[in-house]
Amino acid sequence: MKKSERLLKNKDFINVYKQGKIVRNPSFLLFYIKNETTKNRVGFSVSKKTGKAHERNKIKRILKDIYIKHRNEIKDGYDFIFLVRKINKEDNYSDIEKIILEIFKKVNPYR
RNA sequence: GAAAGUAGGACAGGCAAUCGCCCUGAUGUUUCAUCGGGGAGGAAAGUCCGGGCUCCACAGGGCAGGAUGCUGGGUAACACCCAGUGAGGGUGACCUCAAGGAAAGUGCCACAGAAAAGAAAACGCCCCUGACGUUAGUUAGGAGCAAAGCUGAAACGGUGAGGUAAAAGCUUCACCAGCUUCGGGGUGAUCCGAAGGCUUGGCAAACCCCAUCUGGAGCAAGAUCUAAUAGGAGAGAAGUCCUUAGGGACAAUAGUGACCCGCUAUUCUCUCGGGUAGAUCGCAUGAGCGGUAAGGUAACUUAUCGCCUAGAUAGAUGAUUGUCACCCCGAAGUCCUUCGGGGCACAGAACUCGGCUUACGGACUACUUUCGUUU
RNA sequence: GCCCCCAUCGUCUAGAGGCCUAGGACACGGCCCUUUCAAGGCCGCGACGGGGAUUCGAAUUCCCCUGGGGGCA
């Protein structure tokens with residue numbers, strides 16, 4: 001995932017949190033908003049409550065991987081933020097993938 | 001063979017395929033491609049100590065506060081490490097210890113107990129005398145004692161013998177502990193020996209005393225660059241006249257006001273300062289790592305040769321599959337092979353080093369101890 | 001990443017080495033009172049975050065973990 005496809009600045013995050021729409025799920029929150037470009041940008045947010053440093057990193061890697069796998073199913077021109085609320089430590093890659101797909105279906109830009 | 005102990009380390013899975021990440025070199029060319037190189041740990045963790053580095057403060061010194069606390073050494077420094085001393089634990093290899101001072105002073109020691117620290121006998125023991133009583137004993141007075149008993153976590157040296165009415169370190173004895181002095185070994189903590197007088201409770205992770213060290217904050221420290229917006233300080237020019245200059249006088253516009261005076265403000269340029277967002281530096285050649293030699297019991301030091309080994313900033317190493325290696329369980333047998341299933345930890349660099357502490361599935365190497373068996 | 005602070009019944013708290021078998025208020029349960037409810041009275045339930053050290057003795061002193069909360073551009 002190139003840097004141009006990611007949200008990097010704190011300003012961008014605040015903008016999406018304040019202006020964007022929300023899809024709720026016990027495990028995740030997904031914020032999204034239309035941006036000015038023709039590309040999609042994604043950010044991931046995992047709080048310290050979720051786990052230790054290496055566990056948080058692992059969740060972010062898995063989320064990135066799932067996003068890359070399924071990004072063609074979403075229209076261009078949006079900013080997204082995945083916020084992790086609570087996650088089972090036993091959940092593996094395919095469990096998280098299922099949850100993310102469920103969330104994608106609730107999103108407006110879903111094809 | 002089993003069970004243990006100690007130390008070590010470039011141990012902490014390897015390889016391949018597919019899809020991907022960060023840094024970097026070259027080429028194309030521009031911010032994307034292609035090819036090449038590099039890319040987490042022993043604890044990267046907790047942030048508990050000690051440094052480097054940066055900024056702030058500071059004449060010098062002291063007090064207060066904080067830290068350390070057997071001795072000697074190592075180190076940039078330490079609360080760390082090494083060697084030793086003493087105490088405690090273990091059959092042993094070995095392990096553990098905040099281990100200075102309680103005759104500098106103050107304070108505390110609940111309950112129980114006669115008594116909890118400069119001294120006492122109200123529980124008691126023993127003897128004498130009187131009274132009562134046949135006796136056992138009871139009671140009053142006097143003298144002696146602190147041994148035994150009782151209490152407690154702890155009782156003013158301990159054990160045994162002599163001694164006595166009962167007793168007592170009682171200038172009586174033996175052994176032991178402690179104190180003081182002397183002699184000897186050791187740099188020293190301390191150890192060994194002799195003599196003396198007979199003896200001094202515990203708590204300093206209670207206040208404290210003594211010795212040594214100690215300014216504060218932290219890389220989100222701090223430095224540099226500059227866009228935009230708002231606003232601050234200074235200088236000059238904006239009109240005219242006077243004056244060497246400093247400056248002064250008179251005007252213009254707007255506000256206040258009914259109007260004038262008065263007061264306040266006004267445009268442009270330059271400089272300085274402030275400083276948020278962003279970028280760059282800080283930022284990886286260092287008390288560095290490895291080999292060899294010398295010194296030292298060792299920690300470590302010195303010399304010399306070789307090597308360069310992550311650098312992100314919403315924060316880089318992952319996912320899937322196959323296979324091999326290792327471990328565990330089950331089954332089969334040709335007794336070390338096959339098949340099936342499962343497992344492979346704790347955990348992710350954020351300025352950087354030295355430690356400590358905590359988490360952790362296991363594998364290996366070396367040395368040592370105890371027990372069992374065989375020869 | 002760095003720097004601080006806190007932890008006692010379900011909740012808010014008292015406690016400063018022995019009087020702690022940890023006190024109080026609210027809440028909860030039972031009984032009394034009342035025609036009933038509330039208020040009131042009596043009784044009960046219920047806690048020192050975990051481990052180690054010092055001490056004769058620790059909620060209290062010291063060390064190490066664990067879990068919360070806050071600050072720094």
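Here is the naming used below: chain letters follow the sequence lines, and residue numbers restart at 1 for every chain. No hydrogens, no waters, no symmetry mates; every other heavy atom, side chains included, goes into these values.
- Of all nucleotides present, only C209(B) satisfies the Watson-Crick or G-U wobble test against G100(B), with each distance under 3.5 Å.
- Two residues, Ala53(A) and Lys58(A), neighbour RNA chain B, and the one matched to the more 5' nucleotide by heavy-atom proximity is Lys58(A).
- A glycosidic torsion no more than 90° from 0 defines the syn conformation; G162(B) lies beyond that range and is anti.
- The glycosidic torsion of A238(B) lies more than 90° away from 0, which places this base in the anti conformation.
- The glycosidic torsion of U309(B) lies within 90° of 0, which places this base in the syn conformation.
- Rounded to whole Å, the separation between the C1' atoms of G278(B) and A227(B) comes to 9 Å.
- When side chains are defined from C-beta on, Ile96(A) counts as touching Ile66(A), because their heavy atoms get closer than 4.5 Å.
- Nucleotide A189(B): unpaired (no Watson-Crick or G-U wobble partner with both distances less than 3.5 Å).
- Counting only heavy atoms from C-beta outward, the side chains of Asn40(A) and Asp79(A) never approach each other to under 4.5 Å.
- Under the Watson-Crick or G-U wobble criterion, with both distances below 3.5 Å, C42(C) is paired with G30(C).
- Pairing partner, U304(B): G291(B), with both Watson-Crick or wobble hydrogen-bond distances short of 3.5 Å.
- U6(B) and A366(B) make up a base pair, with Watson-Crick or G-U wobble contacts both under 3.5 Å.
- Rounded to the nearest Å, the gap between the C1' atom of A363(B) and that of U321(B) is 27 Å.
- Side-chain contact between Ile100(A) and Leu63(A) is present, with heavy atoms from C-beta onward closer than 4.5 Å.
- Nucleotides A359(B) and A44(B) have their C1' atoms positioned 13 Å apart, rounded to a whole Å.
- Rounded to whole Å, the distance from CZ on Arg61(A) to C1' on A347(B) is 12 Å.
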Between N or O atoms, less than 3.5 Å apart, protein on one side and nucleotides 310-315 of chain B on the other: list the pairs.
{"from": "U313(B)", "atom 1": "OP1", "to": "Lys3(A)", "atom 2": "NZ", "distance (Å)": "2.4"}
{"from": "A314(B)", "atom 1": "O2'", "to": "Leu7(A)", "atom 2": "O", "distance (Å)": "2.8"}
{"from": "A314(B)", "atom 1": "N6", "to": "Asn10(A)", "atom 2": "OD1", "distance (Å)": "2.9"}
{"from": "G315(B)", "atom 1": "OP1", "to": "Arg6(A)", "atom 2": "NE", "distance (Å)": "2.8"}
{"from": "G315(B)", "atom 1": "OP1", "to": "Arg6(A)", "atom 2": "NH2", "distance (Å)": "2.3"}

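- For His54(A), the side-chain atoms get nearest to A347(B) when compared with the rest of A349(B), A347(B), A319(B).
- C208(B) and G65(B) are spaced 7 Å apart, taking the P atom of each and rounding to whole Å.
- Remark: the separation of the P atoms in A140(B) and A204(B) is 49 Å, to the nearest Å.
- Looking at His70(A) and Glu97(A), their side chains come closer than 4.5 Å, going by heavy atoms from C-beta outward.
- If you take CD1 of Ile66(A) and C1' of U320(B), they are 13 Å apart, rounded to a whole angstrom.
- In this structure the side chain of Leu30(A) never reaches within 4.5 angstrom of the side chain of Leu83(A), judged on heavy atoms.
- For the pair Arg41(A) and Phe80(A), the minimum side-chain heavy-atom distance is 4.5 Å or more.
- Rounded to whole Å, atom P of U320(B) lies 11 Å from atom CD1 of Ile96(A).
- If you measure from atom CD1 of Ile62(A) to atom P of C21(B), you get 17 Å, rounded to the nearest angstrom.
- Rounded to an integer number of Å, the gap from OH of Tyr67(A) to C1' of A319(B) is 18 Å.
- Taking the C1' atoms as reference points, G50(C) lies 15 Å from G68(C), given to the whole Å.
- Pairing for G124(B) is with C145(B), a Watson-Crick or G-U wobble pair whose two hydrogen-bonding atom distances lie under 3.5 Å.
- Taking only side-chain nitrogens and oxygens, Arg56(A) never comes nearer than 4.0 Å to OP1 or OP2 of G348(B).
- Under the 30°/60° scheme for interplanar angles, the aromatic rings of Phe44(A) and Phe82(A) are found to lie parallel.
- U256(B): Watson-Crick or G-U partner is G262(B), with both key distances under 3.5 Å.
- Taking 4.5 Å as the limit, every side-chain heavy atom of Phe28(A) sits out of range of all side-chain heavy atoms of Val23(A).
- For the P atom pair drawn from U200(B) and A104(B), the interatomic distance equals 16 Å after rounding to whole Å.
- Listed nucleotides: A347(B), A319(B), A40(B). Nearest to the side chain of Lys52(A): A347(B).
- The C1' atoms of U212(B) and G100(B) are separated by 12 Å, rounded to the nearest whole Å.
- Shown here, A299(B) forms no base pair; nothing in the strands shown gives a Watson-Crick or G-U wobble contact with both key distances under 3.5 Å.
- G9(B) takes the anti form, because its glycosidic angle lies more than 90° either side of 0.
- Side-chain atoms of Phe31(A) and Lys21(A), non-hydrogen and from C-beta on, never get closer than 4.5 Å to each other.
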